[in-house]
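For reference, positions follow the sequence shown, starting with 1.
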Amino acid sequence: MGPLQIVLGTLCVLLLVVAVVLATQAVRKMLAVIKTGQPDGTRFGPVGPRLKNLAVESLGHTRMLKWSTIGAAHWFVMVGFYGLFLTLVEAFGEVFSPASTCR
């Protein structure tokens, strides 16, 4: 491992730690807001249909697609973020082991 890889690796790990801390703080703030609401006893129905609905709404964007062009654009943005995540994971791995690319 050369000096450039050591510096880049250190920077990547430090930025990752900062990102995780900031994301954790943001999630905690969101949960604090959510916990201020009233409990809903009807939300503990059968798990199977609820998971199916979650998958259909998340992957299919059925409610967003009611707005046609806006919904389709929103779906492409969502797919783009999945691609960005996979690209970042690969780039992070290449910092430490350049020979282990997915090519």
Side-chain angles (χ1 to χ4, degrees):
M1 192 184 280
L4 181 61
Q5 281 181 298
I6 293 171
V7 171
L8 284 177
T10 304
L11 284 173
C12 285
V13 170
L14 287 174
L15 288 173
L16 178 65
V17 168
V18 169
V20 168
V21 167
L22 292 174
T24 302
Q25 288 175 348
V27 168
R28 283 186 176 174
K29 287 179 184 178
M30 285 187 254
L31 288 175
V33 171
I34 291 170
K35 287 180 181 180
T36 61
Q38 294 291 323
D40 183 8
T42 63
R43 297 189 58 96
F44 296 103
V47 176
R50 292 178 66 210
L51 287 175
K52 179 184 174 196
N53 188 36
L54 172 72
V56 168
E57 291 294 332
S58 297
L59 299 175
H61 269 53
T62 56
R63 292 182 189 179
M64 287 296 294
L65 288 177
K66 290 178 184 175
W67 294 332
S68 65
T69 307
I70 295 170
H74 192 269
W75 186 83
F76 280 111
V77 168
M78 178 195 73
V79 170
F81 273 109
Y82 286 129
L84 174 64
F85 174 74
L86 294 175
T87 302
L88 291 174
V89 168
E90 181 180 355
F92 193 84
E94 284 186 19
V95 166
F96 296 101
S97 179
S100 67
T101 62
C102 293
R103 293 180 236 161

Practice item. Count the heavy atoms belonging to other residues, nucleotides or ligands that lie under 6.0 Å from CZ of Phe76, then report whether that count exceeds 12. Key: no
Check your understanding: Which of these passes side chain to side chain contact (heavy atoms under 4.5 Å, CB included) with Ile6: Thr10, Leu8, Leu4?
Key -> Thr10
**Study point:** Cluster overlap Leu16 with Val95, hydrophobic side-chain contacts below 4.5 Å
**Key:** yes
Review point. Nearest 0.5 Å, what's the CD-CD distance between Glu90 and Glu94?
Key: 5.0 Å
Revision key, fill the gap. Only one of Val21, Val27, Val20 passes side chain to side chain contact (heavy atoms under 4.5 Å, CB included) with Thr24, and that residue is Val20
**Study point:** Residue pairs fulfilling side-chain hydrogen bond (donor to acceptor under 3.5 Å, both in side chains) with at least one residue in residues 70-79, sequence neighbours excluded
**Key:** His61-His74
**Study point:** Interatomic spacing from CG in Leu31 to OG1 in Thr36 - rounded to 0.5 Å
**Key:** 11.0 Å
**Study point:** Stepwise side-chain contact (heavy atoms from CB on, under 4.5 Å) check, Phe85 with Val89
**Key:** CA-CA 6 Å; Phe85 174 74; Val89 168; 3.7 Å; yes
Study note, to complete from the structure: With Glu57 as partner, the option from Arg63, Arg50, Lys52 fulfilling salt bridge (Lys or Arg N to Asp or Glu O under 4.0 Å) is Arg63
Check your understanding: So, for Cys12 and Phe92, which heavy atoms are closest and what is the spacing to 0.1 Å?
Key -> CB-CE1, 3.5 Å
**Study point:** Joint cluster assignment, Val13 & Leu11, ILVMFWY side-chain distance < 4.5 Å
**Key:** no
